[in-house]
Amino acid sequence: MASLNVGGLGEYLREQRRNAQLSLRQLADAAGVSNPYLSQIERGLRKPSAEVLQQVAKALRISAETLYVRAGILDAERDRDEVETRAVILADPTLNERQKQVLLQIYESFRKENGFGGTEDGEVDPVGPGPGTEGSTSKGGRPAERPGHEAGDDDNGPRRTAG
């Protein structure tokens with residue numbers, strides 16, 4: 001049987017758990033995984049899925065992408081800049097969780113627009129259509145005009161002028 005290269009991940013998780021001053025049981029409960037399973041991950045005996053890593057990262061309040069790299073799910077060299085950018089966004093204490101997710105979605109949409117890959121499992125999908133598509137905004141950042149309507153028209157039809 002091939003050896004699992006997750007010892008580094010387990011050691012890192014244990015270190016992060018201890019820094020957060022959580023017991024193994026507390027982290028397992030917070031992450032929604034069993035205590036024995038988390039123990040096996042920490043000891044390098046099990047390779048967790050991206051979903052489990054995401055749950056553990058959320059419970060520890062650390063970047064899931066960092067765990068993905070340590071688990072070999074993301075390529076460290078190729079994805080380093082992206083991972084670091086995501087980690088900085090996720091670590092910002094001045095943003096709430098919803099704001100962080102929206103920011104990550106915008107970041108991913110810009111990366112796709114510039115030709116730097118699509119989404120993979122565990123990555124955030126962009127929000128709605130991109131610039132220049134129906135339902136988006138005009139170049140000035142305002143909502144795109146509906147056909148047959150002019151700027152300033154209300155929902156009651158075209159503006160009438162005295163005359």
* Take atom CD of Glu51 as the centre, draw a 6.0 Å sphere, and report whether it contains more than 12 heavy atoms from other residues, nucleotides or ligands. => no
* What are the two closest non-hydrogen atoms of Leu22 and Ala59, and how far apart are they? -> CD1-O, 4.5 Å
* **Minimum side-chain heavy-atom gap Tyr68-Ser63 below 4.5 Å** => no
* Asked: About how many Å separate CD1 of Ile73 and CG of Leu53, when rounded to the nearest 0.5 Å?
  -> 5.0 Å
* Decide, yes or no, whether a salt bridge links Arg86 with Glu108 under the criterion of side-chain N to carboxylate O below 4.0 Å. => yes
* Identify the two heavy atoms, one from Arg14 and one from Arg43, that lie closest to each other, and give their separation to 0.1 Å. => NH2-CG, 3.8 Å
* Asked: CG of Leu27 to OG of Ser39: how many Å apart, nearest 0.5 Å?
  -> 11.5 Å
* Asked: What is the distance from atom CG of Leu67 to atom CG of Leu60, rounded to the nearest 0.5 Å?
  -> 7.5 Å
* Spacing of CZ belonging to Phe110 relative to CG belonging to Asn114, to within rounding of 0.5 Å -> 8.5 Å
* Structure fact -> Closest heavy-atom pair, Gln99 versus Thr94, reported as atoms and distance to 0.1 Å, is OE1-O, 4.2 Å
* Hey, are the side chains of Gln101 and Leu90 touching, using non-hydrogen atoms and a 4.5 Å cut-off? -> yes
* To do: Locate the shortest heavy-atom distance separating Arg17 from Leu24; write the atom from each residue and the value.
  => NH1-N, 3.3 Å
* Structure fact -> Ala64 and Gln54 have their tightest heavy-atom pair at CB-CA, 4.1 Å
* **Residues Lys100 and Glu97 bridged, charged N to O under 4.0 Å** => yes
* Rounded distance [0.5 Å steps], CZ in Arg18 versus OG in Ser23 -> 11.5 Å
* Heavy atoms, side chains only, cut-off 4.5 Å: are Asp92 and Leu103 in contact? -> no
* Approximate separation, where rounding is to 0.5 Å, of Thr85 OG1 and Tyr107 OH -> 4.0 Å
* Gln26 side chain reached by Gln21 side chain, heavy atoms, under 4.5 Å -> no
* To do: Could you go through the side chain to side chain contact (heavy atoms under 4.5 Å, CB included) check for Asp29 and Asn35 one step at a time?
  => CA-CA 8 Å; Asp29 288 343; Asn35 189 37; over 6 Å; no
* Within a strict 4.5 Å, meaning less than it, do heavy atoms of the Ile62 and Tyr12 side chains meet? -> yes
* Side chains of Leu38 and Pro48: closer than 4.5 Å at any heavy-atom pair? -> no
